[in-house]
Engineer: 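Before anything else, here's the structure in question.
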Amino acid sequence: MLENCPSPEVLRESLNAHRLRLESAGPGVDLGTATAVHVRLMTVLERWDSFGPDDQEQLADAVAYVARLDDDQHDTDSHDGLDDDARRVDELLQRLHT
């Protein structure tokens, strides 16, 4: 594991905290997309130990991006606020071949 890379447990906690913030943000948030993004990342996190250091770092970076509300496209500003998160996860999964 990378020295500065968060553990899978910390990454899961980040995603859970993000989900809770989204659920309390109001009806404008696309919870379906949020759930899909979170489930996909949580599933990949289950395989953490099968990834090399570079892949673990990319996975951690993707989780950190998704867990931020105020990323490239703020998650709660519009119904499509999670589209950038979904794209980021798609790109990660393609790189990891999952």
Side-chain angles (χ1 to χ4, degrees):
M1 177 188 260
L2 298 175
E3 194 171 304
N4 296 324
C5 195
S7 70
E9 293 78 21
V10 169
L11 296 172
R12 284 185 199 95
E13 290 172 13
S14 297
L15 288 172
N16 287 331
H18 181 251
R19 180 183 47 79
L20 292 173
R21 287 192 308 270
L22 291 175
E23 288 173 353
S24 66
V29 176
D30 183 358
L31 293 178
T33 298
T35 299
V37 165
H38 289 160
V39 166
R40 293 174 81 193
L41 286 172
M42 291 288 203
T43 300
V44 175
L45 282 169
E46 291 298 320
R47 298 184 22 233
W48 178 265
D49 291 334
S50 71
F51 297 118
D54 290 340
D55 290 340
Q56 288 177 346
E57 186 173 14
Q58 288 182 15
L59 177 52
D61 288 346
V63 170
Y65 181 87
V66 167
R68 282 193 341 257
L69 291 178
D70 191 13
D71 46 35
D72 290 344
Q73 186 174 352
H74 198 289
D75 295 348
T76 62
D77 281 353
S78 67
H79 189 70
D80 60 354
L82 292 158
D83 289 355
D84 60 316
D85 299 71
R87 279 191 302 276
R88 188 71 163 266
V89 172
D90 287 342
E91 292 167 4
L92 169 72
L93 296 180
Q94 287 177 5
R95 281 195 304 274
L96 297 178
H97 305 290
T98 59

Engineer: Which of these passes side chain to side chain contact (heavy atoms under 4.5 Å, CB included) with N16: R21, H38, M42?
Structural biologist: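 Testing N16 for a side chain to side chain contact (heavy atoms under 4.5 Å, CB included) against R21, H38, M42 leaves exactly one candidate, M42.
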
Engineer: W48 and side chain to side chain contact (heavy atoms under 4.5 Å, CB included): which single residue from R12, Q56, E9 fits?
Structural biologist: Q56

Engineer: Quick one: does Q58's side chain get under 4.5 Å of L92's, heavy atoms only?
Structural biologist: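 Yes. Closest side-chain heavy atoms under 4.5 Å.
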
Engineer: Could you check whether any side-chain N or O of S50 sits under 3.5 Å from a backbone N or O of R47, counting only pairs where one atom can act as donor and the other as acceptor?
Structural biologist: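 Answer holds: yes.
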
Engineer: Hey, does the side chain of D84 reach the backbone of Q73 with a donor-acceptor pair shorter than 3.5 angstrom?
Structural biologist: yes

Engineer: What I'd like to find out is whether the side chain of L11 reaches to under 4.5 Å of the side chain of L15, using heavy atoms alone.
Structural biologist: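 They are not in side-chain contact.
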
Engineer: Determine, for D90 against R40, whether the closest basic-nitrogen to carboxylate-oxygen distance falls under 4.0 angstrom.
Structural biologist: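 Looking at R40 together with D90, the answer is yes, because their closest N to O distance falls below 4.0 Å.
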
Engineer: Would you indicate whether the side-chain heavy atoms of V29 and L82 approach each other to under 4.5 Å?
Structural biologist: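 Yes, close enough: below the 4.5 Å cut-off.
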
Engineer: Does D30 use its side chain to pair, donor to acceptor, with the backbone of T33 at less than 3.5 Å?
Structural biologist: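 A pair under 3.5 Å: yes.
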
Engineer: Using every non-hydrogen atom in the two residues, find where D85 and V37 come nearest and quote the distance to one decimal.
Structural biologist: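 Distance-wise, the nearest heavy atoms are C-CG2, 4.3 Å.
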
Engineer: Does some side-chain heavy atom of H18 sit less than 4.5 Å from a side-chain heavy atom of D75?
Structural biologist: yes

Engineer: With a 4.5 Å cut-off on side-chain heavy-atom distances among I, L, V, M, F, W and Y, is there a chain of contacts connecting V63 to V44?
Structural biologist: yes

Engineer: So does R87 pair up with E91, basic N to acidic O under 4.0 Å?
Structural biologist: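 Judged by the 4.0 Å cut-off on N to carboxylate O distance, R87 and E91 do not form a salt bridge.
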
Engineer: Nearest heavy-atom pair of T76 and A25: which atoms, and what distance?
Structural biologist: CG2-CB, 3.5 Å

Engineer: Kindly give the heavy-atom pair with the smallest separation between D71 and Y65, and that separation in Å.
Structural biologist: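 Taking every non-hydrogen atom into account, OD2-O, 3.3 Å.
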
